[in-house]
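For reference, the structure discussed in these notes is given below.
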Amino acid sequence: MKMNVQLELDRGFMREAMAEAQKAGNAGEAPVGAVVVLGGEIIARAHNLKESLSDPTAHAELLAIREAAAALGAWRLTGAVLYATLEPCPMCAGAIVQARMERLVYGAHDSKAGAAGTLLDIPRDMRLNHWVSVTGGVLAPECGALLEEFFANRR
């Protein structure tokens, strides 16, 4: 029973991340969205802004982590969960570890840059000073469809 409740919570927060991804796509950005949840409440939300800001670090995950840290007035996001529509890249996975987050939940796997279990597994690398629990594949078909549609329309 507990597993089903967690899965439903994860799906609900992933839908919030998908809404952010849709905002990115509507703005001509790769449709990736993220939300940070603490104590069952969303404390930050963001979507990709690389093109808009001409900033290679303006990934949804990093922007959401920055917003969450600002909201809390602390860089340690202990107990927080990051929901992302796409498996984080090495930069974002490293930031999740550095922020001392409790969990990462992502939607679509990333066969080209995924660093949370696909190509690398930074959040669970026991050589690092902090480890993050990872749940991948939550609403993966829906999250993947956002990306597939966006890139199909650009070709």
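Reckoned from all heavy atoms, side chains included, excluding hydrogens, waters and symmetry mates. As the structure is a computational prediction, the values presented were derived from the model and not from experiment.
Considering all non-hydrogen atoms of both residues, Pro123 and Ala93 come closest at CD-CB, 4.1 Å. Looking at every heavy atom in both residues, Val81 comes nearest to Met101 through C-CE, 4.1 Å. Nearest heavy-atom pair across Thr85 and Pro31 is OG1-O, 4.0 Å. Nearest heavy-atom pair, Lys50 versus Glu29, reported as atom, atom and distance to 0.1 Å: N-OE1, 3.1 Å. Contact between Gln98 and Arg100 at its shortest, heavy atoms only, is O-NH1, 3.0 Å.
A salt bridge is absent between Arg45 and Glu67; no separation between the charged side-chain nitrogens and carboxylate oxygens falls under 4.0 Å. Under 4.0 Å is where a charged nitrogen must lie from a carboxylate oxygen, and between Asp10 and Arg15 no such pair does.
Between the Glu87 side chain and the Thr118 main chain, a donor and an acceptor come within less than 3.5 Å of each other. Using a distance-only test at 3.5 Å, with no hydrogens or angles considered, no donor-acceptor pair links the side chain of Arg66 to the main chain of Ala64. Between the Glu61 side chain and the Cys92 main chain, no donor and acceptor come within less than 3.5 Å of each other. The backbone N or O of Asp125 sits less than 3.5 Å from a side-chain atom of Trp131, completing a donor-acceptor pair.
Under the side chain to side chain contact (heavy atoms under 4.5 Å, CB included) rule, Pro88 has a single partner from Asp110, Val32, Ile96, which is Ile96.
For the atom pair NE2 (His47) and NE2 (His59), the distance works out to 13.5 Å, reported to the nearest 0.5 Å. Taking CG of Leu38 as the reference point, atom CG of Leu72 lies at 6.0 Å (rounded to 0.5 Å). Distance check, rounded to the nearest 0.5 Å: CZ of Phe13 to CG of Leu82 gives 12.0 Å.
Contact annotation: the side chain of Ile42 approaches that of Glu16 to within less than 4.5 Å [non-hydrogen atoms, C-beta and beyond].
Defined by atom type and a distance below 3.5 Å, a donor-acceptor pair is present between the side-chain atoms of Asn26 and Gln22.
Taking hydrophobic clusters as Ile, Leu, Val, Met, Phe, Trp and Tyr residues chained together by side-chain heavy-atom distances below 4.5 Å, Leu120 shares a cluster with Val134.
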Dump the intermediate steps for side-chain hydrogen bond (donor to acceptor under 3.5 Å, both in side chains) on Asn4 and Glu8, then the final yes or no.
-> CA-CA 6 Å; Asn4 290 338; Glu8 284 309 308; over 6 Å; no
